[in-house]
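Since the structure is predicted, the reported quantities are computational estimates derived from the model, not experimental observations. These values consider heavy atoms only, across backbone and side chains, with no hydrogens, waters or symmetry-generated copies.
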Amino acid sequence: MAPKKRAPQVLCCNATREAKIPQSRTTAAIIVAAGRGERAGGALPKQYRPMHGRPVLRWSVAAFAEAGVDNIIVVCAAAQADACAVAIEGYAATITPGGDTRTASVRAGLAAAGDADVILIHDAARPGLSAEMVRTLVAEIASGASAVAPALPVADTLLRTEEGGRVVSELDRAGAVRVQTPQAFDGRAVRAAYAAAAESMAFTDDLAVVRANGVATRVIAGDPRLMKLTYPEDFAMLERMLAGERITCVGHGVDAHRFGAGDHVTLCGLRIAHDKGLVGHSDADAGWHALVDAILGALGQGDIGAHFPPSDPQWKGAESERFLRHAKALADAAGARILHVDVTLICERPKIGPHREAMRARTAEVLGLPLDRVSVKATTTERMGFLGREEGLAAQATATLDRPA
Ligand code: CTP
Ligand code: MG
């Protein structure tokens with residue numbers, strides 16, 4: 001069958017236009033964040049939960065601020081005022097209390113927005129907002145539109161069903177779009193529409209309110225990243241969409257310690273009885289030292305000596321678990337994920353084989369990795385060189401990390 005021609009798009013795209021907010025217009029953004037997020041579940045309402053380490057609400061505040069919107073108003077529930085203040089910290093945004101329905105919350109936002117020329121109304125639950133989208137919407141209103149919203153075409157067949165899933169009818173998909181926010185309005189038009197709408201009416205979006213008042217409304221090309229967080233699984237999906245480019249990096253580490261007097265060595269976190277000890281400033285765990293350097297290498301963050309200077313007395317006799325946990329914390333802070341680590345211990349004695357699995361398990365535990373992502377191996381140098389003469393013990397490691405580019 002010949003491929004079906006795509007239906008003509010109802011969307012127009014302004015991506016090529018260099019959209020700027022005109023200086024002569026005053027702009028206000030109302031972010032409604034007073035919902036309870038019941039469908040999303042979780043201890044905190046969805047708009048205060050983290051998305052790539054930042055509260056969901058903060059993403060939208062940042063986009064409106066970057067676009068140069070004059071007045072950013074966040075409508076939040078009185079009970080969440082503290083969480084809201086934390087989420088907007090550092091931005092020139094004002095908080096106003098919301099209502100029982102989204103429509104009531106928008107009304108509260110409009111009251112706070114005064115007589116702004118252009119008003120954008122946005123769901124806090126849509127953190128994938130770009131400054132470019134904000135500028136494009138404002139430019140649409142500045143060039144004469146009364147009400148504009150981003151929207152995406154519908155790719156799936158639309159059915160009307162009833163309780164139990166029985167299909168009642170097929171809906172006509174031609175021209176159907178999924179409307180997103182922010183929705184941008186001529187200030188006078190949206191104020192008049194809300195003034196005309198009965199207080200008791202609850203709308204799911206604001207285009208509907210102005211349409212009910214006879215205002216022409218239109219849509220422009222939306223953005224998949226503007227999806228609304230509604231259900232628990234939406235968080236992981238959007239987190240992936242907002243992740244940006246990632247790269248896989250392999251870091252490599254090497255360490256060696258001299259044998260000295262003692263009755264044990266510590267390797268990969270395990271104390272092993274031996275007729276010698278290892279000499280070092282800390283616990284001389286060459287395996288984990290090499291591994292820490294491998295992780296730091298993959299992060300491009302120097303080496304173990306730079307993070308834990310041997311000259312600093314606080315690291316004297318320190319357990320290397322602290323160093324490894326620190327390296328893991330640095331990876332977490334960089335938004336990196338340790339995918340796999342591989343440590344090779346090089347020595348004639350002690351024999352590593354009997355302890356190998358316990359070393360893997362300890363390393364996996366500290367790094368929070370499944371066992372099959374951790375390898376510990378051992379080899380000798382066939383009695384050659386300083387390792388062969390048992391003057392010391394060495395280790396090499398690699399760490400593979402997935403991290404932001
Ligand atoms: N909202 C609001 N005031 C309300 C209800 C909703 O400001 N009384 C906001 C939400 O915080 C959200 C947006 O409107 O940013 C869209 O609503 P929705 O996705 O339905 O969020 P919730 O009402 O919080 O979620 P749920 O319906 O699952 O409880
Ligand atoms: Mg709701």
Measuring from atom [atom1] of [X] to atom [atom2] of [Y], what distance do you get when rounded to the nearest 0.5 angstrom?
X      : Y      : atom1 : atom2 : result
Arg126 : Leu57  : CZ    : CG    : 14.5 Å
Thr230 : Asp123 : OG1   : CG    : 8.5 Å
Phe64  : Arg135 : CZ    : CZ    : 12.5 Å
Arg107 : Thr101 : CZ    : OG1   : 8.5 Å
Ile72  : Ile31  : CD1   : CD1   : 6.0 Å
Leu171 : Arg160 : CG    : CZ    : 5.0 Å

Discussion item. Tell me if the aromatic rings of Phe308 and His281 count as close, with their centers under 6.0 Å from one another.
Written reply: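 For Phe308 and His281, the ring centres are not under 6.0 Å apart.
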Worksheet item: Taking the six-membered ring where the residue is Trp, are the ring centres of His289 and Phe323 under 6.0 Å apart?
Response: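 Under 6.0 Å, so yes.
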Do you see a donor-acceptor pair shorter than 3.5 Å between the side chains of [X] and [Y]?
X      : Y      : value
Gln180 : Asp223 : no
His252 : Thr398 : no
Thr27  : Asp70  : yes
Ser375 : Asp342 : yes
Thr248 : Asp402 : no
Asp206 : Tyr194 : yes
Thr400 : His340 : no

Fill in: Heavy-atom pair of closest approach, residues Ile338 and Lys328
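Smallest heavy-atom distance, with atoms named: CD1-CD, 4.0 Å.
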Just list the side-chain donor-acceptor pairs under 3.5 Å for residues 197-204, sequence neighbours left out, or say none.
none

Fill in: Tyr231 atom OH, over 12 foreign heavy atoms within 6.0 Å
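No, the 6.0 Å shell around OH holds no more than 12 heavy atoms from other groups.
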If you define the side chain from C-beta out and look only at heavy atoms, does anything of [X] sit under 4.5 Å from [Y]?
X      : Y      : value
Ser282 : Lys316 : no
Leu267 : Leu393 : yes
Val138 : Leu120 : yes

Do any side-chain atoms of residues 35-47 form donor-acceptor pairs under 3.5 angstrom with protein atoms, and if so which ones, sequence neighbours left out?
residue	atom	partner	partner atom	Å
Arg36	NE	Glu38	OE2	3.0
Lys46	NZ	Leu229	O	2.9
Gln47	NE2	Ala33	O	2.8
Gln47	NE2	Gly35	O	3.0

Do [Y] and [X] meet the salt-bridge criterion of a basic N to acidic O distance under 4.0 Å?
X      : Y      : result
Arg360 : Glu357 : yes
Arg218 : Glu140 : yes
Arg191 : Asp115 : no
Arg362 : Glu365 : yes

Fill in: Asp117: side chain to side chain contact (heavy atoms under 4.5 Å, CB included) partners, not counting sequence neighbours
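So Asp117 forms a side chain to side chain contact (heavy atoms under 4.5 Å, CB included) with Arg25, Thr26.
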